[in-house]
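Input: a single structure, listed below in structure tokens.
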Amino acid sequence: QSAFSTYMEFKRLMQNNGRSVSKEYDEMLLKAGYYNALLYGPNGSSLQYGDESYGKSTGQKFPDLATWYGDRELEYITSFGSKGEKPSWTSMHFFDSQTTTMRSDWKKDALFLFTTARGGGQHGHADDNALTVIAYDRTLLNDAGIFTYTSSDPYRRWALSTRAHNTVEINNTTQGAGSYNPGKNHDWATTAQYDFLNQSTKAYSGFDHQRNVVFVKPNFWIVSDLMIPSNMNKANDYKQLWHMLPTANLKSNDTTKQITSNYASGANIIVASADQDAKVVEEMGWYDYSYQQLAEAKYGYFAKDGVVGK
């Protein structure tokens, strides 16, 4: 988003001096506008993806873009439906950056899911195959946040860790950090009835973690993880992690295999496991409301220990 604003400013500078940018520049700027606009929740909230602070805005974003290019669909998206033309599509997968957004519609209270298998990079976290879910104007499954940029700070190490994200942790270790190394898209389809995504990450050496996400519109998601180790004879431990805000009053139930939010009013979420042999565990972590604005937050996970083979 920071880089995008710089390119926007350059086009304004050229216009103010009676000059124009190239056709290719305009094409890429418009595409970047769509990419940035779609990486917000339907209610205008940020996703706290990587080193992104929490924030919420319902004012029109990038109004110049719609004016420059006469793009009525982008105007609708960036104005939360107050202007422009409602898009005929809802969900989007970006093949280069391996990021995906699924949504039920364009309303502020729409059901919305974000996932990524981007693989590292500057300001990136160990969050491949992580999910963020926003629905009915409430963040229901969240990223933990930034905390701080001091690498030695234990809260920063938590923020960067796989444990602090809604993905699968292998053998109590964190996904490998490093240079930009996108995962692989195996399949993507979006229709009026459903969205389907199958992607895998390269972030764990010696493992192929494939995550399927099916959005049965407009009601719920089915998330399925296939773990394929290169050593089929070694036993491995897996934790499928689920994070909710400190105010969610998270509860877990090993009998029903559920992890739930328990807000007194408004929307709640049930995360239910179909695996009856998975153990449900509840622990205490942290959440960063804004830079260095920390709070304890319970999280839960479905654990499978000592698994040999797939």
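Quick note: residue numbers are just sequence positions, from 1. The figures here come from the full heavy-atom set of this structure, side chains too, leaving out hydrogens, waters and symmetry mates.
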Answer yes or no for [X] and [Y]: cation-pi contact, defined as NZ/CZ to six-membered ring centre under 6.0 Å and angle to ring axis within 45°.
X: R118; Y: F94; answer: no
X: K108; Y: F80; answer: yes
X: K86; Y: W106; answer: no

Query - S97 and Y35 side chains, donor-acceptor separation under 3.5 Å - result: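 Distance-only check passes for Y35 and S97.
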Report task. Using only heavy-atom distances, determine whether the side chains of D143 and H165 contain a donor-acceptor pair under 3.5 Å. Result -> yes
Query raised in the report: Within a radius of less than 6.0 Å around NZ of K56, do more than 12 heavy atoms belonging to other residues, nucleotides or ligands occur?
Result: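 Yes, enclosed.
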Query - salt_bridge(K279, D254) N-O dist < 4.0 Å - result: no
**Report entry** Over all atoms of both residues, closest heavy-atom pair of S261 and L140
**Finding:**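 That would be OG-CD2, 4.5 Å.
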Query raised in the report: Does Y204 reach the main-chain N or O of H209 with its side chain, forming a donor-acceptor pair under 3.5 Å?
Result: no
**Report entry** Donor-acceptor contact present, side-chain D51 to main-chain I146, <3.5 Å
**Finding:**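 Between the backbone of I146 and the side chain of D51 there is no qualifying donor-acceptor contact (under 3.5 Å).
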Query raised in the report: Should the pair W221 and F215 be assigned to parallel (<30°), tilted (30 to 60°) or perpendicular (>60°) ring geometry?
Result: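 Plane angle under 30°, so parallel.
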**Report entry** Y7 and Y25 aromatic ring geometry - parallel, tilted or perpendicular at 30°/60° bounds
**Finding:**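 The arrangement is perpendicular - the two ring planes meet at more than 60°.
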